[in-house]
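Counting starts at 1 for both ligands and their atoms, following the listed order. Quick note: residue numbers are just sequence positions, from 1.
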Amino acid sequence: MTLYGVPPTRAIRPIWLLNELDLVCRIENILPFDAESVRAVKALNPIGKIPYLVDGNLTI
Ligand SMILES: N[C@@H](CCC(=O)N[C@@H](CS)C(=O)NCC(=O)O)C(=O)O
């Protein structure tokens, strides 16, 4: 499971939830205003918003 986002932003909410559920998750730092990061986000998440969570074929 991978969470895309930057911890000191609203990404802290899913990180907190995953910690409360004792779920292990890799955090991939995404910089919201970096063009390369934005392209990488849109490749996995067409809505283009962060944070998002990828677990197998599921993207939330
Ligand atoms: N409902 C989402 C909204 C996520 C959101 O708007 N994230 C912003 C960054 S803080 C974003 O991805 N903006 C990029 C864009 O709107 O293109 C949440 O509360 O986490």
Side-chain angles (χ1 to χ4, degrees):
M1 195 179 328
T2 305
L3 181 84
Y4 292 79
V6 183
T9 65
R10 65 180 80 201
I12 198 65
R13 295 175 301 183
I15 291 168
W16 184 359
L17 176 65
L18 291 164
N19 283 338
E20 290 289 332
L21 295 173
D22 269 338
L23 292 173
V24 175
C25 179
R26 192 169 68 86
I27 298 172
E28 188 74 37
N29 284 321
I30 294 288
L31 306 172
F33 303 111
D34 173 64
E36 194 174 318
S37 289
V38 170
R39 268 195 298 279
V41 165
K42 292 202 168 155
L44 282 173
N45 176 15
I47 296 169
K49 301 277 188 192
I50 53 172
Y52 63 95
L53 185 70
V54 176
D55 186 17
N57 293 331
L58 180 66
T59 300
I60 300 173

Measure the [atom1]-[atom2] distance between [X] and [Y] for me, rounded to the nearest 0.5 Å.
{"X": "S37", "Y": "I50", "atom1": "OG", "atom2": "CD1", "answer": "8.0 Å"}
{"X": "I12", "Y": "L17", "atom1": "CD1", "atom2": "CG", "answer": "11.5 Å"}
{"X": "E36", "Y": "I30", "atom1": "CD", "atom2": "CD1", "answer": "10.0 Å"}

Residue pair L3 / C25: nearest heavy atoms and the distance that separates them
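Shortest heavy-atom contact: N-SG, 3.4 Å.
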Which pairs pass ring pair (Phe, Tyr, Trp, His ring centres under 6.0 Å) with one or both residues in residues 33-60, sequence neighbours excluded?
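Checked against ring pair (Phe, Tyr, Trp, His ring centres under 6.0 Å) - neighbours excluded - the pairs reaching residues 33-60 are Y4-Y52.
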Taking the side chain as every heavy atom from C-beta outward, state whether N29 and P7 have any pair of such atoms under 4.5 Å apart.
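Touching, per the 4.5 Å side-chain cut-off.
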Output, or 'none' if empty, a list of ligand 1-protein atom pairs in which both atoms are N or O and the distance is under 3.5 Å, rounded to 0.1 Å.
from	atom 1	to	atom 2	distance (Å)
ligand 1	7 (N)	I50	O	2.8
ligand 1	12 (O)	I50	N	2.8
ligand 1	16 (O)	K49	NZ	2.8
ligand 1	19 (O)	R10	NH1	2.9
ligand 1	19 (O)	R13	NH2	2.7
ligand 1	20 (O)	R13	NH2	2.8

